[in-house]
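Note sheet for the following structure.
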Amino acid sequence: MEPKVQYAMQTADGAWRVEIVKRGRTQWYRVVHEDNILDWLSIAAVQRILGEAGIDMADLGEAAA
């Protein structure tokens, strides 16, 4: 069974993207920035990564999954 992106959010310029990914009953987060993909993250890890980049999660808008 392949993982499927359930929902995605991104910055207005599209430089940062956060995806909610699911495979079976397992769900996790993925952060995509340029050529970097950080996978199997918790929401706390996503908040930390974005915070270190100076991005507030409230600034993310819905994106096509």
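All heavy atoms count here, side chains included; hydrogens, waters and symmetry mates do not.
In this structure, the separation between NZ on Lys4 and NZ on Lys22 is 10.0 Å, given to the nearest 0.5 Å. Atom CE of Met1 sits about 9.5 Å away from atom OG1 of Thr26, to the nearest 0.5 Å. A distance of 7.5 Å separates CH2 of Trp16 from CD1 of Ile49, quoted to the nearest 0.5 Å. A distance of 9.5 Å separates CD in Glu19 from CE in Met9, rounded to the nearest 0.5 Å.
Linking ILVMFWY side-chain heavy atoms closer than 4.5 Å, directly or via other members, places Ile55 and Tyr7 in a single hydrophobic cluster. Linking ILVMFWY side-chain heavy atoms closer than 4.5 Å, directly or via other members, places Leu50 and Leu38 in a single hydrophobic cluster. Under the 4.5 Å side-chain contact rule for hydrophobic residues, Met57 and Trp28 do not share a cluster. Linking Ile, Leu, Val, Met, Phe, Trp and Tyr whenever their side-chain heavy atoms come within less than 4.5 Å puts Val18 and Ile43 in one cluster.
For the pair Val32/Gln10, no side-chain contact is recorded, criterion being any heavy-atom separation below 4.5 Å from C-beta on.
Nearest heavy-atom pair, Ala65 versus Ala8, reported as atom, atom and distance to 0.1 Å: CA-CB, 4.2 Å. Closest of all the heavy-atom pairs between Pro3 and Val21 is CB-CG1, 3.6 Å. Between Ala64 and Arg17, the shortest heavy-atom contact is O-NH2, 2.7 Å.
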Check against side-chain contact (heavy atoms from CB on, under 4.5 Å), Ile20 and Tyr29: CA-CA 5 Å; Ile20 300 172; Tyr29 295 87; 3.5 Å; yes
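The neighbour count for Asp35 CG, taken as heavy atoms of other residues, nucleotides or ligands under 6.0 Å away, does not exceed 12.
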